Number of protein chains: 2
Amino acid sequence: MMSLETVAKRARVSTATVSRVLNGVDVVKTSTRARVMKAIADLKYHPNLHARSLAGAVNKTIGVIVSNLDNPFFLDVYRAVESDCHAEGYEVIVANTLYRPEQLAASVRMMIGRRVAGLALIVSEMDEGIVQELTEGQMPVVLYDVGAAGGHVTKIRVNYRRGVERVVDYLTTLGHTDFGVIGHHSGLAPISERCNAVLESARASDPRATVRQALDADGLEGGRRAAADLLSAGTLPTAIICVNDIMAVGALLELRDRGLRVPRDISVTGFDDIELAKFCYPALTTVNIPRDQVGHTVFRSLAVGAGAGDALGREFSVNPELVVRESTGPARASAI
Amino acid sequence: MMSLETVAKRARVSTATVSRVLNGVDVVKTSTRARVMKAIADLKYHPNLHARSLAGAVNKTIGVIVSNLDNPFFLDVYRAVESDCHAEGYEVIVANTLYRPEQLAASVRMMIGRRVAGLALIVSEMDEGIVQELTEGQMPVVLYDVGAAGGHVTKIRVNYRRGVERVVDYLTTLGHTDFGVIGHHSGLAPISERCNAVLESARASDPRATVRQALDADGLEGGRRAAADLLSAGTLPTAIICVNDIMAVGALLELRDRGLRVPRDISVTGFDDIELAKFCYPALTTVNIPRDQVGHTVFRSLAVGAGAGDALGREFSVNPELVVRESTGPARASAI
DNA sequence: GGCGATGCTGAAAGCGATTGCATTGGGCCT
DNA sequence: AGGCCCAATGCAATCGCTTTCAGCATCGCC
């Protein structure tokens with residue numbers, strides 16, 4: 001491979017001068033600059049970025065670790081970060097853990113090894129040990145839904161409870177008092193928070209409200225089975241609240257197969273507002289977590305160089321918003 | 001930040017020894033190794049990967065450039081590559097160009113700068129200059145749907161024509177002879193190849209076949225408008241072939257709004273088999289490009305170290321498969 | 001004509017690892 | 001006891017770049 005020196009020799013200058021031309025710093029005589037640029041072009045020279053970030057002080061790249069790029073939530077957050085960063089000349093490197101803790105650890109090590117300027121952990125399989133290690137360290141960090149803010153760590157917390165309240169309140173005003181919940185015991189805090197919040201919000205809204213739970217499966221098929229369980233167990237709820245959109249779509253499928261009309265016979269809600277929610281039939285009423293808000297916060301916390309960095313060390317709370325579509329309507333009057 | 005030397009000093013050994021412990025090479029006395037490991041743990045030391053890849057000969061990371069991670073096709077290919085690579089201890093770095101040629105160029109420069117072991121370009125906005133430069137260079141490269149194989153460049157080409165033939169043949173056996181095509185003039189070769197293939201396959205299947213085109217818009221709304229155009233122009237086709245799934249979904253939406261039943265009144269097909277195709281209503285009959293096949297080929301071409309690399313320099317042709325779902329059925333007998 | 005200021009360029013010291021070669025010291029053979 | 005060998009470790013060069021400091025013309029000015 002070629003190096004600065006090759007270029008320098010060909011242009012009959014020192015490596016220092018080539019470097020200056022490359023970075024546009026200092027003043028280089030126009031004729032010299034031209035000679036150097038020609039040499040660079042002739043040789044198709046590309047600077048070695050490893051050497052550059054080894055030698056240079058600043059490292060304009062930030063790291064983002066997410067659970068799974070498949071999940072549109074993580075993808076959107078990542079893209080928001082990326083777009084902000086590119087606008088300011090930062091690079092982003094992303095890693096996904098596939099929800100595996102040991103992969104999380106490996107990714108963190110990798111990011112530290114790359115000496116990123118800052119690191120954002122937007123994952124659901126959070127590991128306490130890692131959180132602590134990062135908190136004790138020096139590197140600017142953004143933690144999502146975990147840990148504590150202060151110093152070099154920014155915390156973003158999502159108020160899931162509030163999101164659930166929005167759903168329940170909305171359904172209550174439509175006359176619903178008889179709810180079913182579809183969720184799962186994954187041990188993931190965000191999910192269990194949602195499950196619990198349904199119970200509490202429902203009671204808060206209306207003391208007579210009933211809530212039936214089906215919490216034993218995950219994914220589309222899980223939603224389907226859970227819906228089936230709810231249907232076969234005595235009277236039918238008038239509304240089914242699902243802790244994520246995928247399960248809600250599964251429920252929709254099952255209801256359709258059983259000849260129930262949504263929302264006339266029964267209302268269904270999801271959580272997350274994935275793309276599918278817009279296009280499934282009927283389009284899903286759900287809860288949206290403002291993803292670009294999360295992304296922008298990450299950028300503002302980590303890109304300390306770029307006039308940003310004002311957000312570092314603070315705690316941010318993001319409030320989910322209700323998105324009303326077609327899968328919800330007034331409670332039916334009578335049993336089916 | 002800490003360095004090897006810090007660790008070395010603390011463990012009262014030389015940096016060479018620490019390096020050996022770190023990499024598990026050579027023989028280090030057990031007691032020494034223990035001392036070093038303790039020092040590493042105490043200091044929470046993480047090796048600087050830039051320095052490592054500068055000093056070391058081998059660089060076990062490969063680069064993947066895609067047009068847009070939003071697009072499930074690109075995402076799936078990327079994930080297939082990543083999973084293969086991680087299994088063999090390779091890292092993957094990904095860049096998306098958002099379909100912008102200048103971003104493509106920047107990403108290529110970045111990858112070269114990082115001295116990746118190999119580079120895969122899976123983009124639709126291909127730039128001839130870049131292809132040529134890469135072809136003339138040294139680095140192992142995988143090109144998707146462009147360029148020529150040989151030496152250090154692997155080519156993957158997708159037989160779109162064949163995919164379209166599958167669709168048209170299938171519809172023909174269902175009795176369709178009156179087609180509408182929804183596509184767009186994007187200048188993207190894969191898209192125009194599909195548009196053209198429809199015309200030719202239809203004529204090949206049945207000389208009396210008619211094909212009406214609506215090629216002026218893109219995206220979901222574009223598909224919607226194109227469907228509207230097709231509807232308002234004289235007699236209705238019995239089948240609408242869309243060049244991608246997004247536009248097909250748009251068409252479905254428009255047809256539904258106009259009171260047409262799919263597939264009873266009219267059949268609709270897509271292309272790409274994105275996730276949405278499975279969940280929209282009715283589920284879309286479409287064409288799937290085997291993504292993991294593409295991903296595995298990338299890995300086998302680029303990860304020359306890992307017992308792979310046998311695929312480098314060859315040309316691979318991947319054949320799309322027809323995926324029949326619910327949006328297609330027998331041609332209706334009479335005009336509506 | 002001498003002198004500091006100014007503009008450009010070069011020499012060389014790191015940055016943090018890897019690695020070939022030199023060194024050391026103990027065990028074993030004769 | 002002397003010589004050898006090999007295991008274990010250290011020394012120092014190297015990778016490709018940035019950056020400080022110094023050097024050398026050239027220039028304007030008194």
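Note that the coordinates shown come from a computational prediction; the quantities given were computed from them, not determined experimentally. Letters go in sequence order (proteins before strands), and every chain restarts at 1. The analysis underlying the following values was restricted to heavy atoms, covering all of them including side chains, and did not include hydrogens, waters or symmetry mates.
In this entry the distance linking CG of B:Leu22 with P of C:dT19 reads 12 Å, nearest Å. Separating the CG atom of B:Asn23 from the C1' atom of C:dG20 is a distance of 15 Å, rounded to the nearest angstrom. The NE2-P distance, from A:His50 to C:dT18, rounds to 14 Å in whole Å. Rounded to an integer number of Å, the gap from OH of A:Tyr45 to P of D:dG16 is 9 Å. Residue B:Lys29 contributes atom NZ, which lies 19 Å from atom P of D:dC6 at whole-angstrom precision. Atom P of nucleotide D:dG16 and atom CD1 of A:Ile40 are separated by 16 Å, given to the nearest angstrom. Between A:Glu5 atom CD and C:dA12 atom P the separation is 13 Å, expressed in whole Å. Summarising the geometry, the separation between CG on B:Leu4 and P on C:dT18 is reported as 6 Å, rounded to the nearest angstrom.
For the OP1/OP2 pair of C:dT9 and a distance below 4.0 Å, the side-chain nitrogens and oxygens of A:Thr17 include no atom meeting the criterion. Proximity of B:Asn48 to the phosphate of C:dC15: no side-chain N or O atom is located under 4.0 Å from OP1 or OP2.
Aromatic ring pairs are classed by plane angle as parallel below 30°, tilted from 30° to 60° and perpendicular above 60°; the pair A:Tyr99 and A:Phe74 is perpendicular. Aromatic ring pairs are classed by plane angle as parallel below 30°, tilted from 30° to 60° and perpendicular above 60°; the pair A:Tyr144 and A:Phe73 is tilted.
Here D:dA8 is the nucleotide among C:dT9, D:dG16, D:dA8 with the atom lying nearest to any side-chain atom of B:Val27. Picking from D:dT9, D:dG10, C:dC8 the nucleotide with the shortest atom distance to the side chain of B:Val13 gives D:dG10. Distance from the side chain of B:Ser3 is smallest for C:dG16 among the nucleotides C:dG16, D:dC17, D:dT18.
Among the protein residues, B:Val28 comes within range of the sugar-phosphate backbone only, with heavy atoms under 4.0 Å from sugar or phosphate atoms but none that close to a base. Within 4.0 Å of B:Arg115, counting heavy atoms only, lies no atom of the nucleic acid at all.
Of all heavy-atom pairs between B:Arg291 and B:Ile274, the closest is NH2-N, 3.9 Å. When all heavy atoms are compared, the tightest approach of B:Arg12 to B:Arg35 is O-NH2, 3.6 Å.
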Could you write out each protein N or O paired with an N or O of nucleotides 11-13 of chain D at a distance under 3.5 Å?
none

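Both B:Ala51 and B:Asp26 lie near DNA chain D, and the one whose nearest nucleotide falls closer to the 5' end is B:Asp26. Taking the nucleotide of DNA chain C with the nearest heavy atom to each of B:Leu49 and A:Thr32, the more 5' of the two is matched to A:Thr32.
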For residues 148-159 of chain A, please give each side-chain donor-acceptor pair under 3.5 Å, one per line with the distance, not counting sequence neighbours.
unit_1, atom_1, unit_2, atom_2, d
A:His152, ND1, A:Met139, O, 2.7
A:His152, NE2, A:Thr135, O, 2.9
A:His152, NE2, A:Gly137, O, 2.8
A:Thr154, OG1, A:Ser301, OG, 3.3
A:Thr154, OG1, A:Ala311, O, 3.4
A:Thr154, OG1, A:Gly313, N, 3.1
A:Lys155, NZ, A:Gly147, O, 2.9
A:Asn159, OD1, A:Arg162, N, 3.3

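A donor-acceptor contact closer than 3.5 angstrom is absent between the side chains of B:Asn96 and B:Gln103. B:Gln132 and B:Glu136 share a side-chain donor-acceptor pair at under 3.5 Å.
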